[in-house]
Amino acid sequence: MVDKVKSVSEVVRTIPSGSHIALGGFAIARNLIAVVHELIRQQKRDLTVSQGVVGLDTDLLVGAGLVRHLIMGGGSLDRFGPVHCVNRARDTKSLHCEDYTSLSICFRYLAGALGLSFIPVKSLLASEILERLEAGPGAENVKRSKCPFTGEEYVLLRALTPDVSLVHVQIADREGNCQINGPRWENEEQAKAGRRLVVVAEEIVPTEYIQRSPERTIIPGHRVEAVIHQPFGALPTAVFGCYDYDADHLRLYVEHAKEPERFKEYLKAFVFGCHDHWEYLEKLGGLRRVEELRADPILGY
Amino acid sequence: MVDKVKSVSEVVRTIPSGSHIALGGFAIARNLIAVVHELIRQQKRDLTVSQGVVGLDTDLLVGAGLVRHLIMGGGSLDRFGPVHCVNRARDTKSLHCEDYTSLSICFRYLAGALGLSFIPVKSLLASEILERLEAGPGAENVKRSKCPFTGEEYVLLRALTPDVSLVHVQIADREGNCQINGPRWENEEQAKAGRRLVVVAEEIVPTEYIQRSPERTIIPGHRVEAVIHQPFGALPTAVFGCYDYDADHLRLYVEHAKEPERFKEYLKAFVFGCHDHWEYLEKLGGLRRVEELRADPILGY
Amino acid sequence: MKVTEGTKSRNTLPDIRATEIMAAAGARELHDGEVIIVGLGLPEVASVLAKRTHAPRLTALLEIGVMNPAPRDTPVGLADSRIFYRATCWSGFLDVMGMNLHRGIVDAGFLGALELDRYGNVNTTLLKQESGKIRYVNGSAGGNDVASLAKRLIVIMRHEKRKLPLAVAHLTSPGFVDGRSREELNLRGGGPSRVITDMAVLGFDAKTHAVSLLSLHPGIRLEELVENTGFSLHIPNDIPTTPLPSAEELRLLREEIDPKCVYLR
Amino acid sequence: MKVTEGTKSRNTLPDIRATEIMAAAGARELHDGEVIIVGLGLPEVASVLAKRTHAPRLTALLEIGVMNPAPRDTPVGLADSRIFYRATCWSGFLDVMGMNLHRGIVDAGFLGALELDRYGNVNTTLLKQESGKIRYVNGSAGGNDVASLAKRLIVIMRHEKRKLPLAVAHLTSPGFVDGRSREELNLRGGGPSRVITDMAVLGFDAKTHAVSLLSLHPGIRLEELVENTGFSLHIPNDIPTTPLPSAEELRLLREEIDPKCVYLR
């Protein structure tokens, strides 16, 4: 058994500026907050970021000016608001953006995970999403073609193989065998598409725990390069079965994200002003706050 | 909630001769024995059968002369012997056979499950398997092509969409939500590739049981047309967590399967000579025998 | 879906909200035994109403990988754990959007829209301001996939002139683009079948594929509708009135499905 | 793998079985930290031996969807529940063969063979009898996939003339077909690297891609080897002797890994 448990700062130091990182969050669920804060503190620049449905994690990275190229299927903070930093960067054309859809980005990761350099899809046709991809930086990743057996028209998608895939999970052992509770959106395909794979786990369990229900291992340990153990590592976003989203902090975030100047204040207070995720959790209200947010074992939130 | 529980004879009556059926067994594990016996009793003819790694179920069907066309990735009864009936039918050319590999047949099912009419694969190239497919009845299902992005040479496979996919599972509710314990080989892709889907369950549980661990639902109920409740429905093959294979009966089977005349005796005694699966279980040794084979809860066999 | 009052007399029946009429009209579009993909908000409310009335065997899928949830508390979005509760299956995009939607077994997609044009094309990506300036919004997520692949699409949205333009500012999810058939567009799904607004139920002409009026909600005048629609739509000689929700439907909506009026405001 | 004694003096060292030499030689081909796909029988025995000696961090995958099993009882095949025991992951073909093997992260495939020819092509599909009659056997299962896609392939088999022909009766799994490079064959995997028999360890010439002798097992004479090989193979001037299993390796094999001699017969 290999012990792969590392600190977040240690792992982030191994991710060079210019990398393509894939983030496993979805809107306000299981976001890679601890990692993203550290990427900002270490000022990793010119990143390419890919994500199915962009959430707070990517919004933070884009707002902090670290992202050059964004590959996304959509984005929102659910009813808390849109992803202001991402949308603003797009409005002002300070970000290259390749738009896909939930299915087509999942298929691009699936192809990557399976070692296929391309995969067909029946979405995107007759849409401006496809036209814009063909006219922009996505042109090298899509191609209209026909099925050789049925003659049906398809879009062929190029596989997406991020340099580093990052996913937040509820449970991992020290080798990286991971369980994910609740729905998994594109986590499995995205994780396995990565050339490198890092997981952030709420809880580290002995391998014997994994061996009791191996059908629940979504990511097997041998694929994982590092395991970051960071309880509450996704706050203010939710982790099913562990804790609810912090609605107060999400509202505070959205208020700040609306305005570039106020966003800088947010970064100063909650990212640059914190040495690590533990200090950040203190700013969120510390033990008392996380206990308020701790999930009910039956409801999962 | 729809109650989809039906008897095996009721379900088999809805499968016309000439159908393409996909079987979820693997060698000597989770074979569709109760269904296959009933297909033989009802003399459903000219079947196309597809399976990843052919086991006892398909060997029975082929031996009984019901199969016209076999699509397979391989076949064996593990150390109990080869699939004699299948091999003999191939030797005497009384069976059209399309040979694939574990991965390529899984990809054909995956394409079917995803609604893709084709999918690329990097297996089969430079092999006689591919040459024989191209020269025989498989010619319309494979095509060499290049990746439009990388130029890499691939084999494109046509999707496989069986008329009826059948899978043996440990647990289902009355609507057809299924859990599978142990490894799942190509069960999920094969089941979801089917135009119709029938499951045989060892145990029927209330839907509330399913709702306690929805991450374990491998096949969702709305995909399922019928649920056959048949405890010990896979004997003499094993069902992980429920019972071990019946080694004595497997040896007896292989001895009979070696010779066409003796195979007829086997069918007479264990298939035609039994009105239903309960009678067959009595012939295997009834309650006393199944209790001997019942799985240890820790070991699963 | 936040309701901001416009210039029109939406709510002529003081006891029944426009959103309640919409939810009931939406529920009536769903048939028992169907498999549907729903977005959050009124589509989800309408699907729960259908399930509790005439369509108990409806299967509801959420793109994130949730089937048949029965939430106890009102979720704020698809990523809210509240909507995972008591589901019968948790999987992911590949299963819901791939092995169900792309597989061709989803009978109806039920979504909201930022803009919808006369051929049922939907925009959820960006808005063009009068100055010509572009403001990005959420993008497609599963919207384009559902519009492309579901056997039919039901859209539920506020009836405002700027939200129903002649042509959308960005064609995120195709309807009958340029009035062409779905076959011509190489799309598998049947395309938009209904648009349910707070003024009317709209359909699509079988030949021209353009939006046509199917029924006006009680108390809405035809002139109001025309005034608040950005394109000319086919209007039948006899205009039916959208049925009001029944007393039982209202009770379910108000007491059980959205008692806190999160989506029925 | 049932052992039927041939015409050769396989077992010159009365205390050590040929299968034990094979298992130890196979284990030495596996390096710590590698990801391997193993077939049942001697490949699995060898991989467990490697894991218990020099390669504790070896990851062993079974195509059926089992990772790192630690069986307590000897399984009769891949479908035997005994080999599912204490695994760290249960999935399926798509994960093991797709998301690992086809993804290109499997360092070595370790399989048996019915026939293997001078370019390392493997047959597991059929046998041609001397009468010309064809007898079908098991087919490929994962064999072709592993041979096509693993970074290198290790084959373990009995050394018999009919099992090592000039050309296989059916090319199920490609090696260096017609002596061509893997690039020319459009195959991703590196191809066969070792053939471990009960007489010798064989390799492949970097230029000709033909089988060459790497070492003879203790007590095996070169003439015997040549006599029992169906093709001419490159023989070095100095022929090394395959190391015997160490005392500890023998103890592990006999007392812990296959105490009932199911595979080490």
Side-chain angles (χ1 to χ4, degrees), chain B residues 1-4 106-107 109-119 159-162 165 167 169 171-180 184 186-197 199 205-225 227, chain C residues 30-38 47 51-52 55-72 81-109 145-146 148-151 186-190:
Chain B
M1 225 277 295
V2 200
D3 189 338
K4 298 175 183 171
C106 178
F107 269 18
Y109 286 130
L110 175 67
L114 287 172
L116 295 170
S117 53
F118 72 106
I119 193 164
L160 199 52
T161 52
S165 286
V167 60
V169 305
I171 283 167
D173 69 7
R174 305 187 77 86
E175 197 176 355
N177 292 295
C178 298
Q179 293 184 352
I180 295 176
R184 302 180 290 272
E186 82 280 16
N187 281 166
E188 183 177 353
E189 295 76 27
Q190 186 192 53
K192 293 178 180 175
R195 295 166 196 271
R196 297 167 56 195
L197 171 52
V199 301
V205 296
T207 297
E208 271 193 63
Y209 182 94
I210 298 292
Q211 289 168 319
R212 277 190 207 167
S213 45
E215 75 284 346
R216 299 207 50 198
T217 304
I218 299 297
I219 299 167
H222 69 276
R223 301 300 300 275
V224 174
E225 179 182 306
V227 178
Chain C
L30 305 174
H31 312 304
D32 198 21
E34 287 193 322
V35 177
I36 62 171
I37 291 192
V38 290
S47 74
K51 201 159 178 164
R52 302 239 181 127
R57 295 173 302 179
L58 200 64
T59 296
L61 312 179
L62 307 180
E63 67 168 59
I64 194 169
V66 174
M67 301 189 188
N68 294 309
R72 206 189 71 158
S81 307
R82 283 157 189 76
I83 206 162
F84 308 166
Y85 187 59
R86 285 181 66 79
T88 53
C89 177
W90 288 330
S91 53
F93 285 169
L94 190 68
D95 185 31
V96 170
M97 304 300 272
M99 295 186 174
N100 284 278
L101 180 66
H102 202 276
R103 178 73 174 90
I105 65 133
V106 171
D107 297 299
D145 305 311
V146 171
S148 299
L149 293 158
K151 290 184 194 165
N186 291 302
L187 296 168
R188 283 188 182 166

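Each chain gets a letter, A, B and so on, in the order its sequence line appears, and its residues count up from 1.
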Heavy-atom pair of closest approach, residues C/R188 and B/G115: NH1-O, 2.6 Å

Roughly how far apart are C/M99 CE and B/L110 CG, rounded to 0.5 Å? 5.0 Å

Side-chain (B/Q211) to main-chain (C/R86) donor-acceptor, under 3.5 angstrom: yes

With sequence neighbours left out, what residues match C/S148 under side chain to side chain contact (heavy atoms under 4.5 Å, CB included)? C/N144, C/P174, C/L187

Within-4.5 Å side-chain heavy-atom neighbours: B/R223 and C/N100: yes

Report which part of B/S213 has an atom under 4.5 Å of a heavy atom belonging to chain C: side chain, backbone, both, or neither. neither

What are the two closest heavy atoms between B/P220 and C/M67, and how far apart are they? CB-SD, 3.4 Å

Rounded distance (nearest 0.5 Å) linking atom SG of C/C89 with atom CD of B/E215: 9.5 Å

If you measure from CG on C/L94 to CD on B/E188, what distance do you get to the nearest 0.5 Å? 8.0 Å

Measure the spacing between CG of C/L101 and CG of B/L114 and express it to the nearest 0.5 Å. 11.0 Å

What part of B/A193 gets closer than 4.5 Å to chain C, counting heavy atoms only: side chain, backbone, both or neither? backbone

Using every non-hydrogen atom in the two residues, find where C/R103 and B/R195 come nearest and quote the distance to one decimal. NH2-N, 4.0 Å

Chain C heavy atoms under 4.5 Å from B/L116: which part of the residue, side chain, backbone, both or neither? both

Give the intermediate values and the outcome of side-chain contact (heavy atoms from CB on, under 4.5 Å) for residues B/T217 and C/T88. CA-CA 7 Å; B/T217 304; C/T88 53; 5.6 Å; no

Hey, are the side chains of C/I105 and B/H222 touching, using non-hydrogen atoms and a 4.5 Å cut-off? yes

